[in-house]
A.B. asks: 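Just passing along the structure, written as structure tokens.
Everything quoted here is computed from the prediction, not taken from an experiment.
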Amino acid sequence: MAEEKEGAAAEAVIADIQKKITDAFEVFDHECNKTVDVREIGTIIRSLGCCPSEGELHDLLAEVEEEEPTGYIRLEKFLPMMTKVLMERRYRPIPEDVLLRAFEVLDANKCGHLTKEELVKYMTEEGEPFTQEEMEEMLSAAVDPETNTVRYRDYITMMVVDEN
């Protein structure tokens, strides 16, 4: 009897996860034919609280694309892959304290902010570089227009994803 209850609870969790995935997918299914443009998949995955790198996103796409890529991803392929990703809690967001330490390393003067120019340099020249579009999106949210700086503690608070 206890095993049946556990099984039913696990099925309910999976059903809930699959509903969230399907709901997120359907936002971008403009033709209502259970497909979305491949370029929307990153947005869908991130809306579900996952933060894969561009390389990891590329690997996920390779998993769900058709043998002959059509430019569209079908829900029937996306749903099992994404269910597994969420059940395994893969690509979790970086915790707030880790983000803070990263900004503090970049803040050579220990003044609590970076200049817009410093941020652009770090984000476009180090690690996995941001595209121009990603950089503009980040700057629009991060930079204080009056001081032209990024108060990183405020920005981190805005960036952190609530796990619940």
Side-chain angles (χ1 to χ4, degrees), residues 16-30 35-65 69-73 75 77-164:
D16 184 51
I17 286 172
Q18 289 185 331
K19 181 177 181 349
K20 285 180 182 162
I21 295 167
T22 302
D23 290 348
F25 191 93
E26 287 175 349
V27 168
F28 295 92
D29 180 8
H30 304 298
T35 65
V36 296
D37 188 305
V38 69
R39 295 169 294 191
E40 304 288 8
I41 291 296
T43 303
I44 295 168
I45 290 172
R46 290 181 186 102
S47 79
L48 293 165
C50 295
C51 302
S53 68
E54 286 302 312
E56 290 164 334
L57 183 58
H58 183 79
D59 293 345
L60 291 172
L61 285 172
E63 217 177 297
V64 295
E65 272 188 314
T70 60
Y72 290 89
I73 301 298
L75 178 61
K77 285 232 177 164
F78 183 74
L79 187 60
M81 179 275 297
M82 201 61 215
T83 301
K84 188 170 187 259
V85 165
L86 292 179
M87 292 293 289
E88 293 172 358
R89 299 182 62 80
R90 286 165 41 200
Y91 315 119
R92 303 313 305 155
I94 297 169
E96 191 169 347
D97 62 317
V98 175
L99 287 171
L100 179 59
R101 283 198 307 271
F103 274 107
E104 287 172 343
V105 166
L106 300 176
D107 181 9
N109 300 328
K110 306 291 179 231
C111 54
H113 68 265
L114 297 174
T115 66
K116 177 181 174 181
E117 293 72 24
E118 288 171 324
L119 187 64
V120 169
K121 178 181 181 295
Y122 294 132
M123 301 311 287
T124 58
E125 296 177 12
E126 305 290 332
E128 189 174 319
F130 274 38
T131 64
Q132 182 67 34
E133 184 181 345
E134 290 168 330
M135 199 66 245
E136 287 170 9
E137 189 176 328
M138 181 182 191
L139 291 173
S140 72
V143 175
D144 177 335
E146 291 178 21
T147 62
N148 218 27
T149 62
V150 178
R151 292 188 184 102
Y152 51 81
R153 283 183 188 273
D154 296 340
Y155 182 59
I156 290 168
T157 302
M158 196 173 35
M159 271 193 327
V160 172
V161 175
D162 183 5
E163 287 278 339
N164 300 319

A.B. asks: Above 12 or not: heavy atoms from other molecules or residues under 6.0 Å from CD of Glu125?
C.D. replies: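 Correct, the count exceeds 12.
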A.B. asks: So which atom in Leu61 and which in Val38 form the shortest heavy-atom distance, rounded to 0.1 Å?
C.D. replies: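 For Leu61 versus Val38, the nearest heavy atoms are CD2-CG2, 3.7 Å.
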A.B. asks: With rounding to the nearest 0.5 Å, note down the distance linking CG in Asp29 to CG in Asp23.
C.D. replies: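 Asp29 CG to Asp23 CG: 12.0 Å, rounded to 0.5 Å.
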A.B. asks: Quick check against the 3.5 Å criterion: does Thr22 have a side-chain atom that pairs as donor or acceptor with the backbone of Lys19?
C.D. replies: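 No, because the side chain of Thr22 does not come within donor-acceptor range (under 3.5 Å) of the backbone of Lys19.
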A.B. asks: Below 30° counts as parallel, above 60° as perpendicular, anything between as tilted: where do the rings of Phe78 and Phe25 land?
C.D. replies: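 Taking Phe25 first and then Phe78, their aromatic rings sit tilted (interplane angle of 30° to 60°).
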A.B. asks: Is it true that atom CD of Glu134 has more than 12 heavy atoms of other residues, nucleotides or ligands lying nearer than 6.0 Å?
C.D. replies: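 Yes.
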A.B. asks: Looking at every heavy atom in both Phe130 and Met138, which two are closest together, and how far apart are they?
C.D. replies: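 The answer is CE2-SD, 3.6 Å.
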A.B. asks: Sequence neighbours excluded, which residues qualify as salt bridge (charged side-chain N to carboxylate O under 4.0 Å, His left out) partners of Asp107?
C.D. replies: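 Salt bridge (charged side-chain N to carboxylate O under 4.0 Å, His left out) list for Asp107, sorted by chain: empty.
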A.B. asks: Are there more than 12 heavy atoms of other residues, nucleotides or ligands under 6.0 Å from atom CD1 of Ile94?
C.D. replies: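 Result for CD1/Ile94: open.
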A.B. asks: Roughly how far, to the nearest 0.5 Å, is CG of Leu79 from CD1 of Ile17?
C.D. replies: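 Nearest 0.5 Å value for the CD1-CG distance: 10.5 Å.
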A.B. asks: Between atom CG of Leu106 and atom CD of Glu118, what is the distance when rounded to the nearest 0.5 Å?
C.D. replies: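 So the CG of Leu106 and the CD of Glu118 are separated by 8.5 Å.
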A.B. asks: Looking at Tyr122, I want to see if its OH is surrounded by more than 12 non-hydrogen atoms of other residues, nucleotides or ligands under 6.0 Å.
C.D. replies: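 Buried by this count: over 12 neighbours within 6.0 Å.
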A.B. asks: Report the distance from atom CG of Asn148 to atom CG of Leu114, rounding to the nearest 0.5 Å.
C.D. replies: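 Going from CG on Asn148 over to CG on Leu114, the span is 12.0 Å.
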A.B. asks: Decide yes or no for Leu57 and Ile45: does some side-chain heavy atom of the first lie under 4.5 Å from some side-chain heavy atom of the second?
C.D. replies: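 With C-beta onward as the side chain, the pair touches.
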A.B. asks: Under the side-chain contact (heavy atoms from CB on, under 4.5 Å) rule, what do Leu60 and Ile41 come out as? Steps first, then yes or no, please.
C.D. replies: CA-CA 9 Å; Leu60 291 172; Ile41 291 296; over 6 Å; no
A.B. asks: How far does CZ of Arg101 sit from CD1 of Ile156, to the nearest 0.5 angstrom?
C.D. replies: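 Reported value, rounded in 0.5 Å steps: 10.5 Å.
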A.B. asks: Roughly how far apart are Tyr155 OH and Leu119 CG, rounded to 0.5 Å?
C.D. replies: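 Output value for this atom pair is 7.5 Å.
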A.B. asks: Has the side chain of Lys110 got a donor or acceptor atom that lies under 3.5 Å from a matching backbone atom of Glu104?
C.D. replies: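 Judged by distance alone, yes, a pair lies under 3.5 Å.
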A.B. asks: What verdict does the side-chain contact (heavy atoms from CB on, under 4.5 Å) test give for Val85 and Glu63, after you've listed the backbone C-alpha separation in whole Å, the side-chain angles of each residue and the deciding distance to 0.1 Å?
C.D. replies: CA-CA 12 Å; Val85 165; Glu63 217 177 297; over 6 Å; no
A.B. asks: Only pairs under 3.5 Å count here: list side-chain donor-acceptor contacts from residues 48-55, not counting sequence neighbours, and write none if there are none.
C.D. replies:
from: Ser53; atom 1: OG; to: Gly55; atom 2: N; distance (Å): 3.4
from: Ser53; atom 1: OG; to: Glu56; atom 2: N; distance (Å): 3.1
from: Ser53; atom 1: OG; to: Glu56; atom 2: OE1; distance (Å): 3.4
from: Glu54; atom 1: OE2; to: Arg46; atom 2: NH2; distance (Å): 3.1

A.B. asks: Give the minimum heavy-atom separation between Lys77 and Glu65, together with the two atoms involved.
C.D. replies: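 Scanning both residues, the minimum pair turns out to be NZ-O, 3.7 Å.
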A.B. asks: Where is the tightest heavy-atom contact between Val120 and Leu139, given as atom of each residue plus distance?
C.D. replies: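 Looks like CG2-CD1, 3.8 Å.
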A.B. asks: Considering non-hydrogen atoms only, spot the tightest contact between Asp37 and Arg39 and give its length.
C.D. replies: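 Shortest heavy-atom contact: OD2-NH2, 2.5 Å.
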A.B. asks: Please indicate whether His30 has more than 12 foreign heavy atoms, meaning atoms of other residues, nucleotides or ligands, lying under 6.0 Å from its NE2.
C.D. replies: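 Buried by this count: over 12 neighbours within 6.0 Å.
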A.B. asks: Measure across His113 and Tyr152 and return the closest heavy-atom pair with its distance rounded to 0.1 Å.
C.D. replies: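 For His113 and Tyr152, the tightest heavy-atom pair comes out as N-CE2, 3.5 Å.
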A.B. asks: Taking NZ, NE, NH1 and NH2 as the nitrogens, is one of them in Arg153 or Glu96 under 4.0 Å from a carboxylate oxygen of the other?
C.D. replies: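 Salt bridge between Arg153 and Glu96, a charged N being under 4.0 Å from a carboxylate O: no.
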